[in-house]
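Per chain, numbering begins at 1; letters A, B, ... match sequence-line order.
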Amino acid sequence: MANNVYLPEPMRIVRRYDLIDDVRFFQVRPLEMERALQLNYLPGQFMMVSLAGVGEAPFSISSTPSRPGLLEFGIRKVGIITEELFKLKENEVIGVRGPFGNGFPIDKFEKKDLIIVVGGLGAVPLRSLLLYTLDNRDRFGRIFFLYGARRPAEMLFRREFMELKSREDLHSMLTVDKDDTGRWTEQVGLVTALFKNLKDIDPQNTYATVCGPPVMYKFVIDEIIKLGIPKHQILMTLERRMHCGVGKCGHCVIGSIYTCMDGPVFSYWDVMHMKDLI
Amino acid sequence: MKVLKLKKHNLNDYLDSLRVWGEVYGPVKQGEKYIYGQLDDLSKLDTKMLRTILPVKKFLMPPKFNTFTFDENKYKAELENIPNRIVFGVHPCEIHGLLILDKFFLERFPDPFYGERRRKTAILGLSCVPDDKCFAKSTNTHYVESGFDLAFNDLDNYYLVWVGSSLGDDLVRIRLDLFEEDIKEKDLKHYMEWRNWRDSQYKLNVNLTAMPDIMELNYSSPVWDELGDKCLSCGACSMVCPTCPCYNMSDQIRPSQFTGKRERTWDSCMFKQFALVAGGHNFREARSQRVRLWYTHKLKAFITEFGKAACIGCGRCIDTCPVDINVKTVVKALKGGK
Amino acid sequence: MNKPKVGFYNLSGCSGCLLTILNCENQLLDVFNGAEVVSFLMAQSNNVEKELDIAFIDGSVTTDEQEEFLHELRPRTKKVVCLGSCSCYGGVQAMENEKGTWLKRFNKVYGKKPFKVVKPFESKPVDAFIPVDYYLPGCPIDADQFLYNYARLLRGLPADVPKTPVCLECKWHENECLLLKDKLCLGPVTSAGCKAKCPSHNLPCIGCFGPADESNLTSEFSLLKEKGYTFPEIERKLRLFGGVKFIKQFKSLWKKAQK
Amino acid sequence: MEKSTKVKFNQIRIPALARVEGHGNITVEVLKGKVKDVKLNIPEGPRLFESLVIGKTPEEATSIVPRICAICSVSHRYAAIRAFERALNYKETKATHQLRTLMHYGEMIESHALHAFALALPDFVGYPSAIAMVDKFAPQILKALKLKKFGNLVMEVTNARWTHGENATVGGFGLAPTHKQLFDIKWQAQELIADAEEMVELLRNLSYPTSMEDGIVFMCLKPPTDQYGFVGDRVLISTGEEHPIEKYKELSNERVVEHSTSKRCRYNDRPYVVGALARMNLLGERLRGRAGECFKRCYSLSWIRNPLYGNLAQAIEILYSLEHIPQLIDSILKKIKTLETDAKIQKQPTGTGKNVGAVEAPRGTLYHYYEVNRGIVTGANLVIPTTQNFDSMETHIRVAAQNLLANIENKPLAALTAQERKDIELIFEMIVRSYDPCISCSVHMVEVK
């Protein structure tokens, strides 16, 4: 059976280091170079990571397809599989299959302005989108990147995002709820407070993407709605229990939606329309 | 489509001859109920059966089976030891159930485990006469045009046999001598009379028209809480439903060495852990939410997804739920208020 | 790599859960090779009591010696696993069957002469004395469920014991529903794992795996009541393996249902 | 796990008996070269089973009593069924009886294989466990495990589970086995006979210590036919007496002792022994076939004095059971059509009555007595094989201690070398083990009025 959708593909862990306290960065690649170069995916898609004897779980891809050959994940230690994943060292082999899910509708973003709003761990999938748009900078309009973390020590990819601050073609705003270091040079306050800095938004020509903890959605979406952006141009990514990634096992079902196939990226219109989605 | 005739007294001989192709299964009485059992002994075959406890899906995605064996990090799919099987006696409604599962498992992201078993399972349909729990006429699943290899229509002392696939044709050719090819006008008349008579035998009508709208309107209805209070969360409804496909995965390893298997078992969205994610959040904590999901998924979501409800009117839920929660009672509760 | 150190212990019980392990004849060498079995009194005589990665406990606590043993065991053990209904719930011996205090019942059986060897008391589950990490219920435990979890625990993974109702496995075996045949079956409120052995033999579930994850007792009661069963009949069945906690929960629910 | 009380200077103490079911320890006190006191202490926690069955239906009680002990759960179940059926005037059909016999053979094979080969044998060849023996005795251990597994299979097929199966009930069975299952058992039994005989030979060729030898009174049930067997309604005693099981109280004379949560038994104020060795001594002459040949080859006058031959007796009983299974199954298969109806449970008992029922458990005669009032149990009394054997165990330990000390010129205990002490302790343990004691069984059975 050549195309077994459930068959994990062996991949080697190339690099791993802690992003923050309980979130670890994993860079993996297929064992064969040829296969590595064939890897194709969209920002917002996810992979099923498989540890033989332990099980499988879905993880958002954090790398961008515009930098081929490698896959990157930011994984929080929260369950049995991640606990085991954290025990693995560089050069060990894990099983990976995918990509799954719909991903962000990149084509629709062409020539449009883009507001990327991140809370906490939401940086994992949205980093993929951010890096993708920066790598293809001329295809998109203005890009606003708003990232709120609780404390400086809880900001994922902090150094990387700080470096991006110097780019003139990106409006990057980083904020923390509270600075407990005394050395934080960026904003302090909630991510919603950053919206006042967004100038001259043309709502019909702007897409907003949001990812963060459930509590954040409501407040952030209120702000986006205030900007007049249509509901179908507001996109968010959601989480559910998954065993297959391909709409079979049923665990991620919500109404007629399989989060793994029809999501994990949904428009705010979907969310309003589909009960139980958030 | 080719149609043939088979004299009734030749049925057992014919089924016996099919063993050259694969294992032969059919309805067998077990206690007061029926199951699809292996027909080592054709005298066990009972063509009068109404519904088996488990539907045909048990052949295509067994309650528990291995998907992969593994060592260290090499996975090997377990697809080789699946035998050829012939399942005789599948009623029209259940063939409709198979068509739904086919869509589900074979269209987007084909499932090789289902696909391989489906390919190796010949479906031999059999006409039936409804009892007071059947409502296939309401779901329009009481006749079949596709999804089978052979379909037997019982007309007193002979069967009209529809050949529905090239495999079906091959199976006929194993004992072509038992079949007659000349369908006469009186056969057609006989068949039409039988249809009319059989259509008149449906006593139970469960009207699913407008269910999506009704369910939408009833989203916050207290009906769900009442059903949730009553539901035993035993999951039996999911096990017996011909269109319930949900499953769980678990990796089993040996204590002293790193070899193991990845096992797949039937699951039910009626169980508390079903939508529980790592970190402890449960998306459907309340039993009422789970009952609502089950019925909404069957009677509303499937229509959005596949254009028709995932209920085939087989009556298994009516026959199975100890506390009388089933398509009939739920639809009634939603439509009639109480 | 060092093999994990494990110990198998038996308190008051029938030893059926340890016997179930010894009954895994085909996997027995695997069981003993996968770990360093430092203590297994029933199977070997060269037992050493030392630091443990995992302790498996069969049986309930009924004497002061056993209580002391648990307090001695816990600090030197990383994971404590209860095997079977006795250690998980107290076992049949915890059903507080007849009226009166435990002492009264004890004296009735043994007379008033005190024992010199031990001080006995009413049977209690292990977690009444020390924290327990995992529970594998059953009377006795199921061999496959044990082997699956044993391998997981040796690898440092948490136990995985789904407590879905017996009905799940019962349907897998294509049994007729005994409740629908008006039998007093505890299937819907009892945890599966037993492979539905009793219903598969036309015998109603006696609840030997203890409560399911989400036992809807209220609904089970109304159903059984409808079928003509009385409170004492239902209670007697639930008491067999339910354990003290379950009995209490069941009593309060029953009172609620009466209102 | 027992309290690590300090061993006194004049004591030999074995703190926790290994490779037995349940908890026991031995203390032997010696004063001036004379063995003063021998105690087999049983600190097992009481579970008050006698009280648990009161107020239950016979059906529920039959589910409760096997939980007394996993190793003889089938015998407990069978004894309870016999007692209830005798009390409530049930007639056992032939098909039911044969299925029950098959189930009982299953337990004999499994329990004996576990005990003789995995628990007792390691002592004779100097290993701490059967698993440790694999290095040198792999083929034998694998054969033993195969036999044990087969016993479990028989119990699973007849009684639904290895341990605590629920299929056998008052009035019959929940579900009769299928033709295929029975045929499979028959074939396997035939194949295993050679293995069982080989294991008998292995045990026959061991060297048996003699230091504990002393005359023994034996008791067992008398099978109703002139064949060997494990059930009956009369009791045979090696003194030549014969009594109905209704006299079980006078035969066992249970009493309470301080150092044990189990009661003790004597007959005519003498310790007596039940179990495989008793059955062989009293009924061995009835054995035919290969088991009969083995018996003739193995039997000697030591068998009436030396409990260690109990292990060998068990091995011969495995062979006996295996040899009888094929013909038993042939006879069951002839009735396979009626089996499904004949052996099926009749309606649940609701009657009134009282009586005793007895079976030979692997380790000896087991009596269950119940009083039932309109379908509810109002009284129970159970006498357990191990309880009956305890006094004899103490007697033989005493004899052994005296003889072993005499062999080393009655040295004071304090002067014993570690090896000398270990050798003595090993003999004590071997004595206890040879009775295949089931300690958790022994603890719980006293009369409730």
Problem set entry | Electrostatic pair C:D30-B:R254, nearest N-O below 4.0 angstrom | yes
For this session: Below 4.5 Å from any heavy atom of chain C, which atoms of B:T320 appear? Answer side chain, backbone, both or neither.
Result: both
Problem set entry | Segment of C:D213 engaging chain B (4.5 angstrom heavy-atom cut-off) | side chain
Seminar exercise, completed: Across all chains, not counting sequence neighbours, the side-chain hydrogen bond (donor to acceptor under 3.5 Å, both in side chains) partners of B:D131 are B:R51
Problem set entry | N-O pairing of B:K33 and C:E174 below 4.0 Å | no
For this session: Spell out the residues in residues 159-168 of chain C that have some non-hydrogen atom less than 4.5 Å away from a non-hydrogen atom of chain B, in order of number; otherwise answer 'none'.
Result: C:K163, C:T164, C:P165, C:C167, C:L168
Exercise. Would the number of heavy atoms belonging to other residues, nucleotides or ligands and lying under 6.0 Å from NZ of C:K78 be above 12?
Worked result: no
Exercise. Side-chain contact, heavy-atom cut-off 4.5 Å: B:T265 with C:W172?
Worked result: yes
Exercise. When heavy-atom pairs shorter than 4.5 Å are enumerated against chain C, which of B:P255, B:G235, B:A236, B:S268 gives the highest number?
Worked result: B:P255
For this session: Select one option (side chain, backbone, both, neither) describing which atoms of B:D319 are under 4.5 Å from chain C's heavy atoms.
Result: backbone
Exercise. Chain C heavy atoms under 4.5 Å from B:D267: which part of the residue, side chain, backbone, both or neither?
Worked result: neither
For this session: May I ask you to decide whether B:R290 forms a salt bridge with C:E214, counting only side-chain N to carboxylate O separations under 4.0 Å?
Result: yes
